[in-house]
2 protein chains.
Amino acid sequence: MNIGDVAERSGLPAKTIRYYEDIGLVRPGRDTNGYRRFCESDLHKLAFLGRARSLGFSIEDCRSLMALYEDRARTSFEVREIARDHLARIERKLEELQEMHKTLSHLVAECAGDDRPDCPILRDLASHGGACGGEP
Amino acid sequence: MNIGDVAERSGLPAKTIRYYEDIGLVRPGRDTNGYRRFCESDLHKLAFLGRARSLGFSIEDCRSLMALYEDRARTSFEVREIARDHLARIERKLEELQEMHKTLSHLVAECAGDDRPDCPILRDLASHGGACGGEP
DNA sequence: TCTTGACCTTCCAGTTGATGGAAGCCCTAT
DNA sequence: ATAGGGCTTCCATCAACTGGAAGGTCAAGA
């Protein structure tokens, strides 16, 4: 398979696949003309990577997960630790976004959104942390 | 005020303040020795930026919001549109993260996390044909 | 006066995970 | 022979900083 076929079958853009080779996540062979030649197991690896990335795992996590996947002596403990850490990061991010959402949705709801200059959103931005009250 | 004072009073790292000057968000004066000299209104701007960034607005949004803040002829409509767009982005991101969280927390719960190699997490990663997150 | 140490300056590089584009081979079909 | 795709490499760019090196400035203390 050439890179175009693998791109289509894995759902990853060719650019991304080249990048993954660059950083050592896959090692396709080469044809005499210099083209990358992928085998089924490369395709499988790329699908694995795509799935892991779609779950938000970092590239470094993906590297570790692939290594564990290919290591028959792995323990499910090791895998779960990576997933747990990632889950914790997701939870922190969720809380952060939920907090932003709460504040912003209140502000948007309070704002008239008309042709007048008065705006609770700008008031909020201007009033946090320090010097208030000059211009507009 | 020197940059250290402004950093302390605005809560932004000095590095970040220099960066904001670099990209034209603030324009502090200079002392004869080359040091940046900040006035109260610079500090106020930086606090505004810090607050906007903490609500997740992009730098370009911040630039627009600052411009509106300083424009007496602005309309609250313009401000609200920026905030609404940002809110929509936050909502999309939240949904995405919630989906990841759901999948991952199931997988983590199913995984024994012991010294055996069998692992539902790796099975999931390996079993999805395409790259994009979808159904099991 | 000299020195120490904190503070300031600029510039360069790296982070994450790709993505866009240019210049130029390779292959097949007409 | 030429046109068109597809493939190659390399370089630049995105966000929003952050770290560090090399060096100038300033106030205080011995």
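Letters A, B, ... mirror the listed sequences (proteins, then strands); counts begin at 1.
Closest to the side chain of B:Arg53, out of C:dT19, D:dT8, D:dC17, is D:dC17. Checking C:dA18, C:dG20, D:dG19 against every side-chain atom of A:Ile59, the shortest atom distance belongs to C:dA18. Ranking D:dC7, C:dT9, C:dC8 by closeness to the B:Arg30 side chain, first place goes to C:dT9. Comparing C:dT10, D:dC17, C:dC8 by their nearest atom to the side chain of B:Ile3 picks out C:dC8. In this structure, of C:dG21, C:dT19, D:dT25, it is C:dT19 that holds the atom nearest to the side chain of A:Pro13. Of the candidates C:dT10, D:dC17, C:dA18, C:dT10 carries the atom nearest the B:Arg18 side chain, counting heavy atoms from C-beta on. In the set D:dT18, C:dA18, C:dT9, the nucleotide with an atom closest to the side chain of B:Tyr35 is C:dT9. Which of C:dA18, C:dT9, C:dC11 sits closest to the side chain of A:Tyr19 comes down to C:dA18.
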Subject >> Test salt bridge (Lys or Arg N to Asp or Glu O under 4.0 Å) applied to B:Arg37 and B:Asp42, step by step >> reply: CA-CA 9 Å; B:Arg37 188 181 45 218; B:Asp42 291 323; over 6 Å; no

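In this structure, the CG atom of B:Leu12 is 12 Å from the C1' atom of D:dC17, given to the nearest Å. Atom NZ of B:Lys93 is separated from atom C1' of D:dA15 by 13 Å (rounded to the nearest Å). As rounded to whole Å, 11 Å separates atom C1' of C:dA18 from atom CG of A:Asp22. Between the P atom of C:dG17 and the CG atom of A:Leu55 lies a distance of 14 Å, rounded to the nearest Å. When the P atom of C:dC7 is taken as reference, atom CD of B:Glu8 falls 10 Å away, rounded to whole Å. Atom C1' of nucleotide C:dA18 and atom CD1 of A:Ile17 are separated by 13 Å, given to the nearest angstrom. Between the CZ atom of A:Arg37 and the C1' atom of C:dC26 there is a distance of 16 Å, given to the nearest Å. Atom CG in B:Asn2 sits about 12 Å away from atom C1' in C:dT9, given to the nearest Å.
Not a single donor-acceptor pair, N or O on each side, falls under 3.5 Å between the base of C:dG17 and the side chain of A:Lys15.
Within the nucleic acid shown, B:Phe57 has no heavy atom closer than 4.0 Å to any nucleic acid atom.
With A:Phe38 as reference, A:Val6 is the one residue of A:Asp5, A:Val6, A:Leu43 to meet the side-chain contact (heavy atoms from CB on, under 4.5 Å) rule. Partner of A:Thr103 under the side-chain contact (heavy atoms from CB on, under 4.5 Å) criterion, chosen from A:Met100, A:Glu99, A:His106: A:Glu99.
The heavy-atom pair separating A:Ile82 from A:Ser64 by the smallest distance is CD1-CB, 3.6 Å.
Between A:Tyr20 and C:dA18, a side-chain N or O to OP1/OP2 separation shorter than 4.0 Å is present. Phosphate contact (OP1/OP2 of D:dT18, side-chain N/O of B:Thr16, threshold under 4.0 Å): present. Applying the 4.0 Å criterion to OP1 and OP2 of C:dT10, one finds that B:Arg36 has a side-chain N or O inside that range.
Two residues, B:Glu60 and B:Asn33, neighbour DNA chain D, and the one matched to the more 5' nucleotide by heavy-atom proximity is B:Glu60.
Taking a pair as Watson-Crick or G-U wobble with both distances under 3.5 Å, the runs of three or more consecutive pairs in DNA chain D are C:1-30 with D:1-30.
A:Thr75 and B:Asp114 share no side-chain donor-acceptor pair at under 3.5 Å.
Remark: the backbone N or O of A:Leu94 is not paired with any side-chain donor or acceptor of B:His101 at under 3.5 angstrom.
Following chains of ILVMFWY side-chain contacts shorter than 4.5 Å, one can reach B:Ile23 starting from B:Leu65, so the two form part of one hydrophobic cluster.
By the 6.0 Å contact criterion, CD on A:Glu8 is open, its count of non-hydrogen atoms from other residues, nucleotides or ligands being 12 or less.
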